[in-house]
Amino acid sequence: MTKIIYPGQTIGIIGGGQLGRMMAMAAKEAGFKIAVLEPTMDSPGGQVADIRIVAAYDDEAALEELAEISDVITYEFENIDYEGLKRLTEIAYVPQGAELVRITQDRVTEKAAIVEAGCPVAPYVVAANYKELVASINKVGFPCIVKTARGGYDGKGQQLLKCADDLPLAEELFTHSVCIAEGFVPFMKEISVIVQRNGQGETCCLPVGENIHVHHILHETIVPARITDITAEAAAKAAAKIADYLNLVGTLAIEMFVLENGEIIINELAPRPHNSGHYSIEACNISQFTQHIRAVCGWPLRQPKLWAKSIMVNVLGQHVMPLTNSISKYPDWSIHLYGKAEAKVNRKMGHVTIMTDDIEKTLQQINESSIWSL
Ligand code: AMP
């Protein structure tokens with residue numbers, strides 16, 4: 001049953017990364033208290049929490065403690081222990097449930113759910129081992145991408161196979177998990193839709209973002225995506241369909257490919273706020289984090305509106321110094337840094353959002369800043 005959670009009550013968040021931090025900051029604006037469960041001591045989420053539980057995500061005693069002090073529990077990332085989350089649903093109020101995490105933790109169940117929801121995916125086969133891959137690869141053909149079913153992110157756990165001679169390159173992936181092989185999609189653009197839904201069934205989508213990846217890591221999100229209205233509508237419609245099919249409560253980020261003819265193919269799902277939705281903090285009348293908190297607290301959702309076109313640029317470890325040295329030059333840039341101590345190469349340290357009247361000019365300004373050329 002959907003409960004309404006009120007300011008002054010405590011929201012427990014599993015995970016203390018930047019998504020947990022931005023969720024916590026949004027919740028604190030409305031007067032909620034925040035408890036964060038996170039194994040590291042000085043985490044981005046822990047820094048802004050009222051209560052910190054420093055323990056592994058599957059630590060039973062820690063989960064019980066979180067259940068005891070929280071009026072509602074949410075999570076900021078999908079690789080939490082499913083069994084632990086399921087147990088938590090029995091002893092605490094977890095409106096998102098555990099099913100969504102189970103489905104999206106595994107590409108096999110995730111793809112099946114997208115198909116069952118009636119949305120298109122790239123042709124794919126499931127292979128339990130290398131022999132099965134070799135036997136079934138002709139169903140998808142070449143080029144194709146082999147992906148571990150579990151545990152991959154930012155392009156890790158993936159292997160592009162251009163032709164049959166490349167097949168042995170994928171063998172190692174099977175030491176990690178079952179794999180899927182999917183046909184290579186000759187996409188024109190990558191987009192994402194963040195769909196949010198509350199327990200009462202109200203569903204909202206943020207404006208579609210266009211994602212530019214560099215070395216498999218999200219570099220920029222351009223909003224609105226430079227696609228036709230028809231494609232944008234199809235993307236939002238597909239997102240709402242998947243959200244309804246999954247009985248979503250909370251947030252689901254849906255990554256999609258756009259083909260040359262404007263059609264969309266669903267790539268993958270993330271059951272949480274997403275890097276490509278950070279622009280909404282400044283550029284929309286509601287951020288993905290505030291909407292997420294509203295959804296899990298049983299509050300009515302607000303129909304998102306874009307105040308201005310915007311570009312979000314990720315700040316990785318190697319970008320922090322050049323960015324901080326340039327702060328004085330860019331008064332219009334909203335700078336977010338997540339409070340991570342060590343600026344390791346390719347580690348997501350923050351992001352910058354720039355609202356603009358002219359996307360192309362701002363893309364050029366970003367390039368000319370030289371901050372992201374390192
Ligand atoms: P994923 O981890 O599934 O999001 O994949 C990471 C990136 O690899 C995507 O953002 C795409 O740029 C690329 N990619 C993944 N799957 C495919 C595919 N079937 N065809 C073409 N590119 C893909």
Side-chain angles (χ1 to χ4, degrees), residues 19 77-79 101 103-115 119-127 133 136-163 166-167 169-170 172-173 176-195 208-223 225-227 231 235 238-239 242 251-278 312-314 316 346 348:
L19 300 175
F77 75 132
E78 62 270 42
N79 287 323
V101 161
I103 292 169
T104 54
Q105 267 182 356
D106 190 311
R107 288 187 194 269
V108 177
T109 44
E110 179 177 288
K111 282 253 196 266
I114 299 166
V115 173
C119 294
V121 297
Y124 73 100
V125 290
V126 179
L133 177 76
S136 59
I137 198 72
N138 281 339
K139 290 187 196 147
V140 291
F142 296 96
C144 66
I145 301 183
V146 183
K147 302 179 179 180
T148 55
R150 301 179 76 88
Y153 67 97
D154 286 347
K156 294 186 177 75
Q158 299 195 8
Q159 180 63 51
L160 172 69
L161 305 181
K162 291 190 187 128
C163 59
D166 286 347
L167 269 167
L169 298 174
E172 196 266 339
L173 293 178
H176 305 288
S177 89
V178 167
C179 291
I180 62 160
E182 61 180 52
F184 185 87
V185 178
F187 59 81
M188 293 289 292
K189 284 188 191 298
E190 293 188 80
I191 59 170
S192 53
V193 178
I194 288 153
V195 56
V208 181
E210 172 183 339
N211 298 325
I212 315 281
H213 294 91
V214 173
H215 305 310
H216 296 287
I217 302 172
L218 182 66
H219 169 50
E220 289 168 325
T221 298
I222 299 167
V223 191
R226 295 168 297 177
I227 53 177
T231 300
I242 295 170
T251 303
L252 186 68
I254 308 183
E255 293 182 27
M256 308 180 188
F257 301 128
V258 181
L259 304 179
E260 202 166 0
N261 65 6
E263 279 176 21
I264 53 161
I265 302 269
I266 311 294
N267 176 30
E268 66 172 4
L269 312 178
R272 51 165 171 78
H274 193 257
N275 196 168
S276 64
H278 293 354
M312 188 272 333
V313 199
N314 264 338
L316 305 180
N346 287 347
K348 288 180 184 169

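Everything numeric in this text was worked out from a predicted model, so none of it was measured. Here, residue 1 is the first one in the sequence, and each next residue gets the next number. Order of appearance sets the numbers: ligands from 1, and atoms from 1 within every ligand.
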Please indicate whether any nitrogen or oxygen in G183 is less than 3.5 Å from any nitrogen or oxygen in ligand 1.
yes
Does only the side chain of R107 get under 4.0 Å from ligand 1, or the backbone, or both, or neither? Count heavy atoms.
side chain
The one among M256, E110, E190, E182 that brings a heavy atom closest to atom 19 (N) of ligand 1:
E182
As a quick check of understanding, evaluate side chain to side chain contact (heavy atoms under 4.5 Å, CB included) for I227 and E210, giving each step before the final call.
CA-CA 8 Å; I227 53 177; E210 172 183 339; 5.7 Å; no
Enumerate the atoms of ligand 1 whose separation from the nearest heavy atom of Q158 is less than 4.0 angstrom.
1 (P), 2 (O), 3 (O), 5 (O), 6 (C), 8 (O)
Between T148 (side chain) and S177 (backbone), is there a donor-acceptor pair under 3.5 Å?
no
Between R107 and E182, is there a side-chain N and carboxylate O pair less than 4.0 Å apart?
no
I212, I222, V258 screened by side-chain contact (heavy atoms from CB on, under 4.5 Å) with K189, the one that passes:
V258
Does the side chain of E255 come under 3.5 Å of the side chain of H274 through a donor N or O and an acceptor N or O?
yes
Those atoms of ligand 1 less than 4.0 Å from some heavy atom in F257
11 (C), 14 (N), 15 (C), 16 (N), 17 (C), 18 (C), 23 (C)
Which bit of N211 gets closer than 4.0 Å to ligand 1, counting heavy atoms only: side chain, backbone, both or neither?
neither
Applying the side-chain contact (heavy atoms from CB on, under 4.5 Å) test to I191, which of V223, N211, I264 qualifies?
I264
Does the N or O separation between V185 and ligand 1 drop below 3.5 Å for any pair?
yes
Where the closest heavy atom to atom 7 (C) of ligand 1 is concerned, which of E268, H216, E255 has it?
H216
